[in-house]
Amino acid sequence: MTGLKKLIFFTIALLLCTDAGCASKQRYSGSRIFWDSRSPVTVFPSGGYARVTQLADGRLMACCESGGIKVAFSSNMGATWTTPRLIAANSNNTPNCVPDLIQLKDGTIIVAYNPRPSAPYTEDRRFGIRLRRSTDNGSTWSEEIFVFDADCVFENGCWEPSLLELPTGELQLYFADESPYTSNGDQQISVCRSWDGGLTWTAPGKVSYRQGFRDGMPVPVLLSDGKTIVVAIEDNGYGFGDFVPATVRTPLTVNWRSFVSGQSTYRRRAVSYTYCPVAKGGAPYLRVLPDGQTVLSHQSCYNHGSKHNMYVYVGTDKATDFKAMSTPFYLPETKEALWNSLAVVDTGVVMAVAGYDGGIHVVKGYPKNRFEVPFASPVVDGKLAKGEGYHTDSGRQVMLGSGTGTYSYLDFAFDVDSLYVYCLVYDSKKVTEGENADCVSLSFDTGGGCYDAPQGTSFRYDVSPAASVQPYVGDGEKWVVRESCGARAVVRKTTLTYTMEVAVPWNDMGRTAPVTGTEMSVNVEVTNGDGTQTSVEKMADAKPLEPWTWMPMHLPEDSLVTSVGRVEAGREAAPHGTYDLSGRAVANGARGILIVNGKKTAY
């Protein structure tokens, strides 16, 4: 098919779509987290209930329960950690458990924890909340400071302390509290307050209580508006027969002067089940991203047999409508991740902290609400060379693999001729033929992406490790096979991996010029086949037949000048360097001139 015929075909398809009144949807908004799941780091070789925070001096600090309360530090953003150090030893048959940590504005570091007496119970040993302080960046620690005591028996205990400092300097310590309900199994969330940096504390006040149920495992944050306290809790009162993540909240001006009941409008189920399935389970953890969005985790057996895994969601700046469910750690169903947490470090990197295989492990996640596509002209040879111009030098803007264990990394670039994709897939058994073959599916929409089905502006390219490219186009309902296309791929294989580079000419997608701005969307799926069955790694919330759910792509508008550097309409795609920017043939390897940001640039 000639370039002119292609353009006519795509134009007709788009017109037919418009005439048919293609269903329009509001484009997906919010971030999704892409996890570097192939590279977990061990923080503690043994332990549970770990928490991590970033200190004012840039170091990371972690704490966990492991024969008492231990801490460790990292000076390289979590790549390596110091030898764990015990700061609160167990004594009197009373293990210290479930720590939380915070650094106050004055630099004081506080680690709170939960003494839990072991049976046989005695009156002199009570379930309680204690803490230790450090005023020298964690080098030395104070004696134990008393906060609260519950009963001496398990049924009436208190649990899971969590800390929050307010702008006023008030320090709050939240915990799950059974002590008011000695005649039943109810539980509330309580809070104690300190105005002297944790040296002395008030008696507990009630934060939330649903009669007949058990509010538990509180984690507080102050939202980016600076006016609202939100506490993530596990709530078993929503009729699912188990805990689900929920939030309770109060305006800072009210600050829990009245508690949140089971019927209060200040209590709500956290996850937006319009996007996500009901993943039952407890142990929630909540944090705020630098842009104000919120991230929530909890543990659940969803899609993981009888074992728990860690699930993470992204919510709004109001800590509502959590969606984009993802699993930071790829674990087989024989393993489980328990009592997990989150930290937001550096410039918005999310650190998932999980307990499995007896120890504490972390991976980093990168929240994104769009993919960046820089102007560049990489050589399409299946290799990633330094300075080729992809968004990251490592080619790892997109990270996939936590769902299936097929770890893949992708990145993008563009010029006036083509859109470029680099992809690295870790796959030791490469299947190139048959129904259960390996495949990287790249779907693009060039028309805004606000559709509930693939349109004439929607294009899909299935690329195999054998470098074959199968093209598709949308017909308003589904994907339709195209006989040929101008996209080309180069693939290189090693024993453990294959890398591919794909060039998709703009005129192969019915365009005479790059689609700059954020009008363009992409979906990526990586299929791993073993010859008998396949598994498919997907982006969170992205549905292959619904372009409105795909990821926006940002191509900088100032990379091009509308009157210069446009590809001639109908020109066939050709190898890099064979045409100048006006479409005229030039000597092999010769380049044209492009005006970038007002300056002439060799192409």
Side-chain angles (χ1 to χ4, degrees), residues 30 51 53-54 56 100-110 112 129 131 133 147-148 160-177 188-210 215-235 245-271 284-297 313-322 341-344 348:
R51 308 292 185 247
T53 194
Q54 187 169 25
D100 190 38
L101 77 166
I102 191 173
Q103 185 174 36
L104 306 183
K105 292 181 180 65
D106 68 2
T108 300
I109 302 173
I110 294 178
I129 308 295
L131 62 83
R133 303 169 79 247
V147 180
F148 175 73
E160 300 118 9
S162 192
L163 295 152
L164 176 67
E165 185 182 22
L166 300 182
T168 59
E170 177 185 340
L171 178 61
Q172 300 182 330
L173 198 158
Y174 296 77
F175 56 95
D177 190 4
Q188 70 178 38
I189 303 301
S190 296
V191 63
C192 294
R193 307 168 193 259
S194 173
W195 284 273
D196 57 11
L199 294 171
T200 60
W201 293 85
T202 66
K206 185 187 295 187
V207 169
S208 71
Y209 171 60
R210 185 195 288 270
D215 288 358
M217 299 199 73
V219 179
V221 298
L222 183 67
L223 296 185
S224 60
D225 64 8
K227 300 177 181 179
T228 310
I229 302 170
V230 176
V231 183
I233 64 171
E234 55 183 21
D235 186 342
T247 60
V248 295
R249 64 190 63 216
T250 185
L252 195 57
T253 53
V254 176
N255 198 1
W256 310 115
R257 284 199 298 269
S258 58
F259 75 91
V260 177
S261 69
Q263 294 73 42
S264 172
T265 56
Y266 288 113
R267 177 191 297 261
R268 64 184 69 184
R269 203 171 62 190
V271 176
Y285 209 84
L286 181 65
R287 281 294 177 258
V288 179
L289 294 172
D291 66 0
Q293 290 184 99
T294 45
V295 286
L296 172 77
S297 71
Y313 310 80
V314 183
T316 68
D317 61 357
K318 296 179 175 58
T320 58
D321 298 320
F322 287 91
S341 65
L342 297 168
V344 177

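Just so you know, these numbers come straight off a predicted model, no measurement behind them. Computed from heavy atoms alone, side chains included, the values below leave out hydrogens, waters and symmetry copies.
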Over all heavy atoms of both residues, which pair between G198 and I110 is shortest? Give the atoms and the distance, please. CA-CD1, 4.3 Å

Heavy-atom neighbours of K318 NZ exceed 12 at 6.0 Å: no

Take T320 and R249 through the test side-chain contact (heavy atoms from CB on, under 4.5 Å) and record every step on the way to the result. CA-CA 11 Å; T320 58; R249 64 190 63 216; 3.9 Å; yes

Please list, chain by chain and in numerical order, all residues satisfying salt bridge (charged side-chain N to carboxylate O under 4.0 Å, His left out) with R51, sequence neighbours excluded. none

Can you tell me how far the CG atom of L223 sits from the CG atom of L286, to the nearest 0.5 Å? 8.0 Å

Taking the side chain as everything from C-beta on, heavy atoms only, tell me whether S208 gets closer than 4.5 Å to Y266. no

Backbone N or O of K105 within a donor-acceptor pair of the E165 side chain at under 3.5 Å? yes

Does S261 reach the side chain of R267, with side-chain heavy atoms less than 4.5 Å apart? no

Does the T202 side chain pair with the main chain of R193, one donor and one acceptor, at a distance under 3.5 Å? yes

L163 side chain near L101 side chain, heavy-atom distance below 4.5 Å: no

If only atom types and distance count, is the side chain of S194 paired as donor or acceptor with the main-chain N or O of T200 below 3.5 Å? yes

Write down the atom of K227, the atom of D225, and the distance for their closest heavy-atom approach. N-OD1, 2.7 Å

Indicate yes or no: at least one non-hydrogen side-chain atom of I102 is less than 4.5 angstrom from one of T53. no

Minimum heavy-atom separation for P218 to A176, with atom names? CD-N, 3.8 Å

Return the minimal non-hydrogen interatomic distance between F322 and G315, and the atom names on each side. CD2-N, 3.2 Å

Under a 3.5 Å distance rule, please check whether T228 uses its side chain to pair with a backbone N or O of P251 as donor and acceptor. no

Contact between T168 and L252 at the side-chain level, heavy atoms closer than 4.5 Å - yes or no? no

Please examine the side chains of L166 and I229, heavy atoms only from C-beta on, and report whether any two atoms are closer than 4.5 Å. yes

Could you tell me the separation between the OG1 atom of T108 and the CD atom of Q103, rounded to the nearest 0.5 Å? 8.0 Å

Which value, rounded to the nearest 0.5 Å, describes the distance between T247 atom OG1 and D235 atom CG? 10.0 Å

Aromatic rings W256 and Y174: how do their planes relate, parallel, tilted or perpendicular, breaks at 30° and 60°? perpendicular

Measuring from M217:CE to I233:CD1, what's the distance to the nearest 0.5 Å? 12.0 Å

Nearest 0.5 angstrom please: S162 OG to D100 CG, how far? 4.0 Å

Should V207 and Q188 count as side-chain neighbours, where that means a heavy-atom distance under 4.5 Å? no

Residues passing the salt bridge (charged side-chain N to carboxylate O under 4.0 Å, His left out) test with E160, sequence neighbours excluded, are R116

What's the shortest heavy-atom distance between P284 and V219, and which atoms? O-CG2, 3.5 Å

Please report the closest heavy-atom contact between A112 and L131, naming both atoms and the distance. CA-CB, 3.8 Å

I189 side chain reached by F259 side chain, heavy atoms, under 4.5 Å: no

Can you measure from CG (D177) to CZ (F148) and round to the nearest 0.5 angstrom? 4.5 Å

